[in-house]
2 protein chains.
Amino acid sequence: MNVGSAKDNAVPTKLDEQTVSRAEDVLRNYLRERGLKLTSERQTLLRAILGSQEHFEPEDLLVSLRQQGIRVGKATIYRTLPLLVDCGILRRAFLGQNRAYYEHCFGSMPHDHMICTICSRVIEFDSSEIRQLRERVAEPAGFTVQSHRFQIAGLCRECKTGPQNPSPMA
Amino acid sequence: MNVGSAKDNAVPTKLDEQTVSRAEDVLRNYLRERGLKLTSERQTLLRAILGSQEHFEPEDLLVSLRQQGIRVGKATIYRTLPLLVDCGILRRAFLGQNRAYYEHCFGSMPHDHMICTICSRVIEFDSSEIRQLRERVAEPAGFTVQSHRFQIAGLCRECKTGPQNPSPMA
DNA sequence: GTTTATGCAAACGATTTGCAGTGGT
DNA sequence: ACCACTGCAAATCGTTTGCATAAAC
């Protein structure tokens, strides 16, 4: 059930070129449909995002790219991320407190997050049960589900014995 | 299963004095335990919050109080809300995009929210099933649950036939 | 060629913080 | 009296926007 766990942000890793080009197709179609353009910056960002295995903030992307000697304007990043969300490549994941966290969801198993209130470690878990539950809950209200966000705050195994931290869900 | 629905923010309503004084006790104890003080501003805010039946933002509180001719500094509000969250009277609820939403949870049934992506209507629903589910999911990871946040985005009954809006979960 | 995108820097808006004065305890 | 709290205004910080230039189509 546990899919993985994470700590660092937006660390670029080896890319599956196959996946990249499939994602690029998705993006290309999405853009064409609305008369938008597939610029080199958008391709760069798409690559960077698919390469990141973790949750990241817009700023992380900027830094990560700079370290690779690639310069992309901050505004471009902020303007591009919503596009990628909209075409289903990216999703906004859990929120720390009042800032945007993203993770790519292209080809990855749907999941949600547990976040340790002490060490901030993030543990992912399969969300299929929640997916069923959300339908069951929405139906009697005549509500049509588009998406959900589910996050659990608490103490991870390692922090359970350490000093307590009361803050429930920042 | 459906507990209610909401639209406007922080509209003061008639208060159950009994509830107010119980809540005040909770707050008083919480403060005393850490050498903090029960000021008149904190009492004012507690009252205002208990009186609000809806989800609200810090700014809503400020405005609502001003309308009643009560002046409380914005900073005081921002400094007080986390205290109330910490002592369990308040909770941070769903987040629009990157701002803080609160609702009081003193004596109210635990619930989560469905939010219509078109009209922003909020529908509350009982969260007991989610509470069981979160334990089931946390246990194998050795994770101790403190709290969760669950929100469903989609189309409410009324908007289902109106113009579509793609944005999944802002 | 036309139109959308980029990069920069300025603008924004929510939240936070420093500080002098006020008020619980 | 002491120390925390308030209010104000200034400071932060993530995010958005305006505009001149560059790049897709």
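Numbered from 1 within each chain, the chains take letters A, B, ... in sequence-line order.
One cannot find a donor-acceptor pair under 3.5 Å joining the base of C/dG24 and the side-chain atoms of B/Arg42. For a distance-only test at 3.5 Å, the side chain of B/Arg99 fails to qualify as a donor-acceptor partner of the base of D/dG14.
Rounded to an integer number of Å, the gap from CZ of A/Arg34 to C1' of D/dA24 is 18 Å. B/Tyr30 places its OH atom 10 Å from the P atom of D/dC5, with the value rounded to the nearest Å. Following rounding to the nearest Å, B/Arg28 (CZ) and D/dC5 (C1') show an atom-to-atom distance of 17 Å. The OH atom of A/Tyr101 sits 10 Å away from the P atom of D/dT15 (whole-angstrom rounding). Distance, B/Leu65 CG to D/dT6 C1': 15 Å, rounded to whole Å. The CD atom of A/Glu33 sits 15 Å away from the P atom of D/dC25 (whole-angstrom rounding). Counting to the nearest Å, the P atom of D/dC5 and the CG atom of B/Leu31 are 8 Å from each other. As rounded to whole Å, 15 Å separates atom C1' of C/dT6 from atom CG of A/Leu81.
A salt bridge is absent between B/Glu103 and B/Arg92: the closest approach of a Lys/Arg side-chain nitrogen to an acidic carboxylate oxygen does not fall below 4.0 angstrom. Salt bridge A/Glu59/A/Lys74: present, at least one basic N to carboxylate O contact under 4.0 Å. For the pair A/Asp25 and A/Arg28, the salt-bridge criterion is met [side-chain N within less than 4.0 Å of a carboxylate O].
Map A/Lys37 and B/Ala75 each onto its nearest nucleotide of DNA chain D; the residue landing nearer the 5' end is B/Ala75. Each of B/Leu38 and B/Glu59 lies near DNA chain C, and the nucleotide nearest B/Glu59 is the one positioned closer to the 5' end. If A/Thr39 and B/Lys74 are placed on DNA chain D by their nearest nucleotide, the residue sitting closer to the 5' end is B/Lys74.
Using a distance-only test at 3.5 Å, with no hydrogens or angles considered, a donor-acceptor pair links the side chain of B/Lys160 to the main chain of A/Gly142. At distances below 3.5 Å, not a single donor-acceptor pair connects side-chain atoms of B/Arg91 with backbone N or O atoms of B/His104. Between the side chain of A/Thr80 and the backbone N or O of A/Thr76, at least one donor-acceptor pair lies under 3.5 Å.
Checking the phosphate oxygens (OP1, OP2) of C/dT15, a side-chain nitrogen or oxygen of B/Tyr78 falls inside 4.0 Å.
Of the candidates D/dA24, D/dT6, C/dG7, C/dG7 carries the atom nearest the A/Thr76 side chain, counting heavy atoms from C-beta on.
In this structure, B/Arg79 reaches the bases: a heavy-atom distance under 4.0 Å links it to at least one base atom across the strands shown.
In the displayed structure, B/Arg71 atom CZ is contacted under 6.0 Å by at most 12 heavy atoms of other residues, nucleotides or ligands.
Taking five base pairs at each end of the helix from C/dG1-D/dC25 to C/dT25-D/dA1, the local helix axes there meet at an angle of 40°, rounded to 10°.
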